[in-house]
Amino acid sequence: MRIDRRFLGWGVFFILLGSVPLAVRSGLVTSDVAGMALRLWPLLLVGAGIGLVLRERRAAAIGGLVVAVTFGLIGGGLLAGGWIDLGSLACGDTGSNALQPQQVSGTLDAAARVTLEQRCGDVNVQMVDGTGWSLASGADRVPDVTASSTDLRIRSSGGRGIGLLGIGGPRQTWDINLPRSSTIDLSTTLNAGTGHLDLGTGHFGTVSTTVNAGDMWIDLAGAVATQVEVRVNAGDTRIVLPASSITGSLTVNAGSIEMCTPAGVGLRFTTNENITSSFDFGSSGLQKSGSTWTSPDFATAAVRIDLSTTANAGSIALNPTRGCR
């Protein structure tokens, strides 16, 4: 196997960024101990010094690895302690939202597709009666909106890069209403921000969400949906699943997903268990066979949730004691 040294440091950083919170969730270390990683900051200077001393030699890569390891331990420790909100960290301030919001609205047919792509900001979605949709956003960075009766697309205006530490403009907030009377295929992409999808009582074909360096909350309690696809990269997502039969997948890379399921629903989850993944399905009474976890009543349940779950340097938790709201 050949290792590309250009990406070695990034790989080590992301592995540790996810592994430290994973170790805390697994009880291997406490969040207080993980938080002490901030004290390792002098190693950043050590790594930079090694890189300078060994410049133009193969061993110079050691300095970069020291820096990557240190950043990974510090970032993972802060995430594990809940002291970092990834969405807030990656965007600027919210000063622009004090301006008079812009309003856009329209209607959707009985079946429609809705695509939301937010970069550096917040997305708040709720369901309303009728056939109409609406969007309220800050006046200085109005998103790009393309709308018809069957297809609504809302995208952040400007570039598609992800902000870092406030670089990339002010934080933008969208407040979106979607109609309960439509059956919607909903696709949401959140880059460096926070999302609240209050989808209860809605009707959906597919609910697809991608979170990159952000935090997302999805509430499908009381909704009807047939497929759920969630992908989290360096972030956190909480999802409340509905009492309707669902298939789909949950994937987390360097982060976490917490899901809550209604009582009386049959559950089956396939996993990709490895040394960097954590699944707590057994604590909820599910039985393991190979790489599949199944509730005892799955075969006879009228409503079944059947998902493929994948975690790399991350964790997927079922029905946490604090809930998913």
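As a basis for the values below, the full set of heavy atoms in this structure was taken, side chains included, without hydrogen atoms, waters or symmetry mates.
- One finds the CG atom of N191 at 4.5 Å from the CG atom of N212 (value rounded to the nearest 0.5 Å).
- Here the straight-line distance linking atom NE2 of H196 with atom CD of Q126 works out to 12.5 Å at 0.5 Å rounding.
- Of the listed residues (T261, L241, T294), just one forms a side-chain contact (heavy atoms from CB on, under 4.5 Å) with L267, and that residue is T261.
- Partners of D185 according to the side-chain contact (heavy atoms from CB on, under 4.5 Å) rule, which considers only residues two or more places apart in sequence or in another chain, are R113, T206.
- Using the six-membered ring where Trp is involved, F281 and W293 have ring planes that are perpendicular, over 60° apart on the 30 and 60° scheme.
- Side-chain atoms of T292 never come within 3.5 Å of backbone atoms of T270 as a donor-acceptor pair (strictly under, hydrogens ignored).
- Atom CD of E229 and atom CG of L186 lie 12.5 Å apart (nearest 0.5 Å).
- In terms of hydrophobic clustering, with Ile, Leu, Val, Met, Phe, Trp and Tyr side chains grouped at heavy-atom distances under 4.5 Å, V104 and V114 are assigned to a common cluster.
- Nearest heavy atom pair, residue I246 against residue A225, reads CG1-O, 3.3 Å.
- For the 3.5 Å distance criterion, the side chains of S156 and Q118 qualify, holding a donor opposite an acceptor.
- In this structure, the side chain of S291 does not engage the main chain of N272 through any donor-acceptor pair within 3.5 Å.
- Side-chain atoms of S182 come within 3.5 Å of backbone atoms of D109 as a donor-acceptor pair (strictly under, hydrogens ignored).
- The shortest distance between side-chain heavy atoms of I218 and L199 falls below 4.5 Å.
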Step by step, would you call F269 with L318 a side-chain contact (heavy atoms from CB on, under 4.5 Å)? CA-CA 10 Å; F269 306 120; L318 173 63; 3.9 Å; yes

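- Of all heavy-atom pairs between A311 and S277, the closest is O-CB, 3.2 Å.
- Atom CZ of residue F298 and atom CD1 of residue I305 lie 9.5 Å apart, to the nearest 0.5 angstrom.
- Among all heavy-atom pairs drawn from W174 and P143, the shortest one is CZ2-CB, 3.5 Å.
- At a cut-off of 3.5 Å, with distance as the only test, no side-chain donor of T194 or D215 sits close to an acceptor on the other residue.
- A side-chain donor-acceptor contact under 3.5 Å links N177 and S134.
- Linking ILVMFWY residues whenever their side-chain heavy atoms come closer than 4.5 Å, directly or via other members, leaves I184 and V128 in distinct clusters.
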Which is it for I316 and T271 under the side-chain contact (heavy atoms from CB on, under 4.5 Å) test, yes or no, and what are the steps along the way? CA-CA 10 Å; I316 298 179; T271 66; over 6 Å; no

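- Counting only distance, with no hydrogens or angles, the side chain of S283 and the backbone of D280 share a donor-acceptor pair below 3.5 Å.
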M127/D198 under side-chain contact (heavy atoms from CB on, under 4.5 Å): CA gap, chis, key distance, verdict: CA-CA 7 Å; M127 309 305 296; D198 190 355; over 6 Å; no

Check step by step if side chain to side chain donor-acceptor pair (under 3.5 Å) holds for T247 and Q227. CA-CA 5 Å; T247 60; Q227 187 169 7; 5.0 Å; no

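- Under the 4.5 Å side-chain heavy-atom criterion for grouping Ile, Leu, Val, Met, Phe, Trp and Tyr, V125 is connected to V232 within one hydrophobic cluster.
- V240 and M259 are not part of a single hydrophobic cluster, where members link through side-chain heavy atoms under 4.5 Å apart.
- The two residues P242 and A223 come nearest to each other via the heavy atoms CB-O, 3.2 Å.
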Determine, stepwise, if the pair L190 / T209 fulfils side-chain contact (heavy atoms from CB on, under 4.5 Å). CA-CA 8 Å; L190 180 66; T209 300; over 6 Å; no

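- Between I154 atom CD1 and L135 atom CG the span is 4.5 Å, to the nearest 0.5 Å.
- Taking 4.0 Å as the cut-off between side-chain N and carboxylate O, R268 and D306 count as a salt-bridged pair.
- A301 approaches G266 most closely through the heavy-atom pair CB-N, 3.5 Å.
- Atom CZ of R231 has 12 or fewer neighbouring heavy atoms from other residues, nucleotides or ligands inside a 6.0 Å radius.
- Between the side chain of H203 and the backbone N or O of R180, at least one donor-acceptor pair lies under 3.5 Å.
- To the nearest 0.5 Å, the span separating CG on N312 from OG1 on T251 amounts to 8.5 Å.
- Note on V145: it clusters hydrophobically with I176, by side-chain heavy-atom contacts below 4.5 Å among ILVMFWY residues.
- Closest of all the heavy-atom pairs between I239 and C324 is O-SG, 3.9 Å.
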